[in-house]
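The structure displayed is predicted, hence computed values, not measured ones.
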Amino acid sequence: MGISHSSIYLASTACVLLSSGIVWQKFCTSPPEWIKELDALGQPRKQKLLGTAVVCGGSIAGTVVARVLADHFDRVILVDPELHDIEKPKTRVMQYNATHALLSLFTDGARRLWPNFDTELKAVGGRLVYADLQLHYSGIAVPAPYGDYSGGRLPDSLAMRRPATQKALYALLMQHPTAANIAVWPGTVRGIEASDNRSSIRSVIVRKLDGTQVVVNDIGLVVDCTGRIQAGMKWLETAGFSLPDSLRCSYKPNIRYATLCFSVPPELESRLPIPEFAINSVCQYIHTQHFTYGLSVTALLKTENNTMQVMLTSSEDNLPRSVPEILPFISTIRGHAPLASWFVKTVEMLCENCDDPSFDIIKIPEQSYVKYHSVPTGALPSNFIAVGDAHIQLNPVHGQGVSKVMLNAITLNSLLHSPGSPRPDPSQRLFGALLQEERCSDATRLHDYGSPACEPMAGETRDNGRLARWFELKLISAATQYEEVASVLWHVRNMVAAERALLAPTVLWKALWTRSLF
Ligand SMILES: Cc1cc2nc3c(=O)[nH]c(=O)nc-3n(C[C@H](O)[C@H](O)[C@H](O)COP(=O)(O)OP(=O)(O)OC[C@H]3O[C@@H](n4cnc5c(N)ncnc54)[C@H](O)[C@@H]3O)c2cc1C
Ligand SMILES: *[C@@H]1O[C@H](CO)[C@@H](O)[C@H](O)[C@H]1NC(C)=O
Ligand SMILES: *[C@@H]1O[C@H](CO)[C@@H](O)[C@H](O)[C@H]1NC(C)=O
Ligand SMILES: *[C@@H]1O[C@H](CO)[C@@H](O)[C@H](O)[C@H]1NC(C)=O
């Protein structure tokens with residue numbers, strides 16, 4: 001009797017464990033909200049929302065948001081001081097000439113907003129290629145999950161320099177039928193006015209390029225897309241909305257970022273020793289340093305037409321400023337395995353054979369995050385939101401900023417489609433829904449704290465995130481051995497799976513079981 005009792009007990013415990021394991025696995029691997037909501041992106045509503053939507057800033061976030069809002073409002077005003085001549089290089093975006101690697105979520109969203117996205121981008125030389133970053137962590141290759149897709153067709157990303165990408169997006173915006181709902185105002189948003197009881201924004205003040213001041217009334221929605229300036233906070237404070245003192249928090253990764261751009265004649269390109277498997281990837285090579293060595297990232301990207309970029313970063317002021325300094329700098333990069341020899345050889349050939357590459361070096365300022373979701377309910381105007389860098393900046397070496405704009409756009413679109421609109425009241429709901437982003441920003445920040453050069457956020461030390469970094473190294477190690485782990489890591493990094501996917505039992509045990517390579 002005793003034996004059979006305990007075996008029933010054991011069997012039922014095993015059943016409970018097994019079934020809760022299955023439930024846990026299912027929960028972790030279920031698609032995130034924004035992926036379920038992707039299909040609604042680009043779908044117009046029949047009865048438009050009341051009032052005028054004002055998009056403040058017309059860079060990546062402003063362009064994408066204006067396109068989304070034109071599906072919901074009859075009148076969208078897009079304000080930016082540099083929209084009068086799209087051919088002119090933007091001067092107000094510090095990273096305009098810097099290397100940008102885009103993730104598959106961006107392409108996926110852009111195709112829904114602009115069905116002719118592929119045709120138009122290819123026409124101006126853009127490369128639609130596998131969203132494989134060819135990532136090497138401290139010298140060790142972290143594979144992309146080609147096996148998950150039939151015929152090995154990994155989802156696409158776009159390889160193109162930022163100025164060309166941005167011009168093409170703006171052209172798409174203006175060609176789309178919804179452009180009839182969009183007025184482009186070259187100018188600057190100066191501020192906002194609150195409604196009598198401060199529950200919403202009543203008007204927006206714009207200074208046009210000729211110096212005239214215009215007040216836009218009957219506001220449906222105001223979207224802060226001013227990027228790094230995060231101007232919305234100042235507008236809210238000046239208009240009398242009381243915001244908590246600690247609303248904006250920031251930390252300093254202390255990195256410098258160099259983009260070298262080479263014009264590569266086709267004859268030279270055909271001789272470069274880039275392996276076949278790397279040609280049709282969004283990056284040909286990325287090397288990320290183990291954080292204890294620093295936050296350095298080294299990359300090679302084939303961009304539109306005959307251009308190639310080499311990207312180098314450093315915590316110190318030692319980045320190359322002339323061709324003879326490039327290879328000596330690269331030779332100082334340390335890892336658990338050396339840089340791929342073909343990569344070094346390719347850079348050497350570019351240096352020897354290409355005329356005058358351009359050098360763009362910037363020091364990344366602090367990364368700041370406005371915690372709008374922490375403002376008590378009712379204190380923010382119901383018709384204000386912030387999208388893109390105006391809300392959260394992420395350390396660019398992780399390559400997520402532009403795709404995060406798309407994530408915001410998907411969430412905004414589905415909130416505006418959800419029952420409860422026509423009266424748009426998205427502020428609190430959007431910032432609540434964007435908590436996922438906070439986790440994204442947590443993950444990059446805690447990674448960055450591994451670097452001795454990083455200055456943490458007020459109230460934190462570099463010890464914060466020790467466990468997260470340990471787990472990150474275990475995951476990367478397991479990804480080199482198990483396809484499943486490599487797949488989950490790739491999907492999370494491309495923002496097509498939720499972070500919880502990393503905690504699925506089948507992934508977790510593999511990560512914990514594998515001895516760290518680092
Ligand atoms: C060095 C570097 C490299 C990066 N690399 C990558 C990468 O590889 N992949 C990636 O995805 N992301 C990358 N990023 C991040 C990416 O560049 C940003 O996330 C992206 O530019 C955010 O776009 P945005 O539209 O929010 O802001 P921004 O591009 O900064 O644009 C802000 C716009 O607002 C306008 N503006 C400002 N004030 C006003 C006002 N008062 N009224 C009207 N308009 C106003 C400006 O003129 C500007 O056009 C990188 C960033 C840096 C710094
Ligand atoms: C980008 O490069 C162009 C041309 O080389 C230059 O005119 C412009 O000032 C640069 N922009 C920034 C923001 O550095
Ligand atoms: C790239 O080449 C295409 C033609 O193939 C041309 O139309 C386009 O303007 C070029 N793009 C750039 C940015 O020079
Ligand atoms: C503020 O006023 C508007 C009408 O102007 C009203 O609809 C809303 O309920 C008021 N909000 C509060 C919090 O009193």
Side-chain angles (χ1 to χ4, degrees), residues 54-57 59-62 65 92-95 188-192 194 198 200-201 204 221-255 362-398 400-402 404-405 407-408 411-412 426-449 453-462 464-465:
V54 183
V55 182
C56 316
S59 181
I60 307 263
V65 166
R92 284 165 208 253
V93 178
M94 170 193 80
Q95 67 271 33
T188 314
V189 173
R190 305 287 295 171
I192 54 175
R198 290 195 200 296
S200 61
I201 295 170
V204 175
L221 187 65
V222 177
V223 190
D224 177 6
C225 296
T226 60
R228 179 163 295 285
I229 301 168
Q230 302 181 324
M233 243 181 85
K234 196 187 72 198
W235 302 333
L236 291 167
E237 275 166 348
T238 312
F241 292 96
S242 59
L243 302 176
D245 285 339
S246 55
L247 192 59
R248 188 191 332 232
C249 45
S250 64
Y251 76 100
K252 292 188 184 154
N254 285 326
I255 46 172
I362 46 187
K363 182 168 192 286
I364 310 280
E366 58 184 17
Q367 304 292 313
S368 74
Y369 170 17
V370 191
K371 297 195 156 190
Y372 284 117
H373 67 273
S374 69
V375 178
T377 314
L380 279 180
S382 60
N383 54 357
F384 170 83
I385 57 171
V387 166
D389 284 11
H391 181 207
I392 301 184
Q393 292 150 15
L394 299 172
N395 182 346
V397 303
H398 304 286
Q400 297 162 321
V402 171
K404 183 174 68 70
V405 165
L407 192 155
N408 291 178
T411 308
L412 172 62
S427 190
Q428 213 80 33
R429 288 193 290 156
L430 184 89
F431 290 124
L434 291 183
L435 275 178
Q436 165 64 23
E437 254 190 46
E438 181 173 28
R439 282 193 285 274
C440 190
S441 116
D442 276 350
T444 55
R445 188 178 81 254
L446 297 179
H447 169 96
D448 293 353
Y449 284 3
C454 185
E455 290 173 55
M457 199 177 261
E460 292 188 339
T461 70
R462 287 191 37 238
N464 286 78

Do you know the tightest heavy-atom contact between [X] and [Y]?
X      : Y      : answer
Ser242 : Ala379 : O-CB, 4.3 Å
Ala390 : Tyr372 : O-CE1, 4.4 Å
Asn395 : Gln367 : N-OE1, 3.3 Å
Pro244 : Pro376 : CG-CD, 4.5 Å
Arg248 : Ile229 : NH1-O, 4.1 Å
Val405 : Ala61  : CG1-CA, 3.6 Å

Kindly compute the distance separating [atom1] ([X]) from [atom2] ([Y]), expressed to the nearest 0.5 Å.
X      : Y      : atom1 : atom2 : value
Leu243 : Leu236 : CG    : CG    : 5.5 Å
Asp389 : Met94  : CG    : CE    : 8.5 Å
Ile255 : Cys454 : CD1   : SG    : 9.0 Å

| query | Does the side chain of Thr444 pick up a donor-acceptor pair with the side chain of Gln400 at under 3.5 Å? | reply |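 Distance-only check fails for Thr444 and Gln400.
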| said: My understanding is that only residues two or more places apart in sequence, or in another chain, count here; which of them pass ring-ring contact (aromatic ring centres under 6.0 Å, His included) with Tyr251? | reply: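 Tyr449.
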| request: Please name all residues satisfying ring-ring contact (aromatic ring centres under 6.0 Å, His included) with His398, sequence neighbours left out, ordered by chain then number. | output: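 So His398 forms a ring-ring contact (aromatic ring centres under 6.0 Å, His included) with His447.
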Is there a side-chain contact between [X] and [Y] in this structure, where contact means two heavy atoms from C-beta onward sitting under 4.5 Å apart?
X      : Y      : result
Lys234 : Thr226 : no
Pro396 : Ile364 : yes
Thr238 : Ile192 : no
Phe241 : Leu380 : no

| task | Report, as yes or no, whether the 6.0 Å neighbourhood of atom CZ on Arg462 holds more than 12 heavy atoms from other residues, nucleotides or ligands. | result |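 Above 12, so yes.
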| Any Lys/Arg nitrogen of Arg445 or Asp448 sitting under 4.0 Å from an Asp/Glu carboxylate oxygen of the other? |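 So Arg445 does not pair with Asp448 through a salt bridge.
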| With Gln393, the side-chain hydrogen bond (donor to acceptor under 3.5 Å, both in side chains) member among Lys404, Arg228, Glu366 |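 In the set Lys404, Arg228, Glu366, the residue that makes a side-chain hydrogen bond (donor to acceptor under 3.5 Å, both in side chains) with Gln393 is Arg228.
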| query | Is the backbone N or O of Ser200 less than 3.5 Å from a side-chain atom of Asn383, with the two atoms forming a donor-acceptor pair by type? | reply |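 Not confirmed, Asn383 side chain does not pair with Ser200 backbone.
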